[in-house]
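Each remark here refers to the structure printed beneath this line.
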Amino acid sequence: MTALLGPAEIRALASRLGVSPTKTLGQNFVHDPNTVRRIVRAAEVGPEDVVVEVGPGLGSLTLALLPEVAHLHAVEIDPVLAAQLPKTILEYAPERASALTVHHGDALRVTAVELADPAPTALVANLPYNVAVPVVLHLLAELPSLRHGLVMVQQEVADRLTAGPGSKVYGIPSVKLAWYAGTRQAGKVPASVFWPVPNVESGLVGFTRRDPPAGADREEVFAVVDAAFAQRRKMLRSALGPWAGGSGAAVEILEAAGVDPTSRGEQLTVVQFAAVAAAGAARRAAGMVKS
């Protein structure tokens, strides 16, 4: 069994590197071996998977993942941590060192070309709280090979990502993630397993990619979603007015999509948002709305 990093090892390694966790980069290092083992189990990865891990930090989760998967791409924005990670793997799991590729860079800008060899099939990561949602959405858009994954995020974010229509926390992140994948909550993670200890609870969100709703372009659908939730308390006939070219046009588009114009964005599924986007595109194509 690969040796994992505990509290003493994490602090000693950070001290040796002169690393102090920063709020700017959202750094909270997991120091509990049982927690990283639990994350790997919940992620349901196997020897056929190529994993991308965002923000590996000092390598706690990396060490738990490497024995279970074919290859691991670690994307780390901190240059000191990116340079150290291969050395840590050589020390703790030398037999798996060749299965690791470290990419020093921003996960919000990483491309499919950079991660092409081999192409990732799964995302497993303890994501920085301040960029968790955009990172997940960017990677799903950029990496069509990504089939499933599990991310640890702030519990409030986990609730939003997995919320369904009608929920008070259902919103833009919920709908946009639903475009790509089905989601599930996979448990909570106590603050005590992190260093430094955050002042929020964390949650695990699992996802499995599925085909997006047919009939509409992703950018068009996301534009409708953004407009609907920009004024979430308003009925869609009003909220979608700026997007549609007026409230009258919005009513016609909504009715063509089979959506009640008096409903609100929080009531619509991603399939219904796609229907609205498709009806709007059809109306524009017919020359009924100025582009």
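Residue indices begin at 1 and follow the sequence shown.
Not a single salt bridge (Lys or Arg N to Asp or Glu O under 4.0 Å) links Arg11 to another residue, sequence neighbours left out. Taking the side chain to side chain contact (heavy atoms under 4.5 Å, CB included) definition, one finds that Lys188 meets it with Gln155, Glu201, sequence neighbours left out. In terms of the side chain to side chain contact (heavy atoms under 4.5 Å, CB included) criterion, residue partners of Ala191 (sequence neighbours excluded) are, by chain and number, Val197, Pro198. Applying the side chain to side chain contact (heavy atoms under 4.5 Å, CB included) criterion to Ser192, with sequence neighbours excluded, gives Pro190. Evaluation of the ring-ring contact (aromatic ring centres under 6.0 Å, His included) rule for His103 yields His73 as partners, not counting sequence neighbours. Under the rule for a side chain to side chain contact (heavy atoms under 4.5 Å, CB included), the partners of Glu9 that lie at least two apart in sequence or sit in another chain are Leu5, Tyr92.
Sequence neighbours left out, not one pair with a member in residues 80-100 passes salt bridge (Lys or Arg N to Asp or Glu O under 4.0 Å). Residue pairs meeting the salt bridge (Lys or Arg N to Asp or Glu O under 4.0 Å) criterion with at least one member in residues 142-164, sequence neighbours excluded: Glu156-Arg160. For residues 162-183, every residue pair satisfying the salt bridge (Lys or Arg N to Asp or Glu O under 4.0 Å) rule, not counting sequence neighbours, is listed here: Lys176-Asp226. Listed by first and then second residue, the salt bridge (Lys or Arg N to Asp or Glu O under 4.0 Å) pairs that reach into residues 255-269 are Arg232-Glu266, sequence neighbours excluded.
Using a 3.5 Å distance cut-off with no hydrogens or angles, the side chains of His31 and Ser60 do not pair a donor with an acceptor. Side-chain contact of Gln84 with Thr88: a donor-acceptor pair under 3.5 Å is present, judged by distance alone.
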Distance-only donor-acceptor hits, side chain of residues 110-121, under 3.5 Å, sequence neighbours excluded:
| residue | atom | partner | partner atom | Å |
| --- | --- | --- | --- | --- |
| Thr111 | OG1 | Glu114 | N | 3.3 |
| Thr111 | OG1 | Glu114 | OE2 | 3.1 |
| Glu114 | OE2 | Thr111 | N | 2.9 |
| Thr121 | OG1 | Asp49 | OD1 | 2.7 |
| Thr121 | OG1 | Val50 | N | 2.9 |
| Thr121 | OG1 | Val50 | O | 3.3 |

Show me, pair by pair, the donor-acceptor contacts under 3.5 angstrom made by side chains of residues 202-218, not counting sequence neighbours?
| residue | atom | partner | partner atom | Å |
| --- | --- | --- | --- | --- |
| Ser202 | OG | Tyr129 | OH | 2.3 |
| Arg209 | NE | Leu146 | O | 2.5 |
| Arg209 | NH1 | Leu140 | O | 3.4 |
| Arg209 | NH2 | Leu140 | O | 2.9 |
| Arg209 | NH2 | Leu143 | O | 2.8 |
| Arg209 | NH2 | Leu146 | O | 3.3 |
| Arg210 | NE | Ala178 | O | 3.4 |
| Arg210 | NH2 | Ala178 | O | 2.9 |
| Asp217 | OD2 | Glu219 | N | 2.9 |
| Asp217 | OD2 | Glu220 | N | 3.3 |
| Arg218 | NE | Tyr180 | OH | 3.4 |

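Phe273 is not connected to Val169 by any chain of hydrophobic side-chain contacts under 4.5 Å among Ile, Leu, Val, Met, Phe, Trp and Tyr, and they are in different clusters.
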side-chain contact (heavy atoms from CB on, under 4.5 Å) between Val36 and Leu63, intermediate numbers included
CA-CA 9 Å; Val36 293; Leu63 281 166; over 6 Å; no

For Trp179 and Phe222, what are the C-alpha separation, side-chain angles and deciding distance, and is it a side-chain contact (heavy atoms from CB on, under 4.5 Å)?
CA-CA 9 Å; Trp179 170 269; Phe222 284 10; 3.8 Å; yes

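Interatomic distance, Asn126 CG to Asn28 CG, rounded to the nearest 0.5 Å: 7.5 Å.
At least one donor-acceptor pair closer than 3.5 Å links the side chain of Ser174 to the backbone N or O of Gly171. In terms of modelled atom types and a separation under 3.5 Å, the side chain of Glu76 and the main chain of Asp78 share a donor-acceptor contact.
Relative ring orientation between Phe29 and Trp195 is described as tilted, the plane-to-plane angle lying within the 30° to 60° band.
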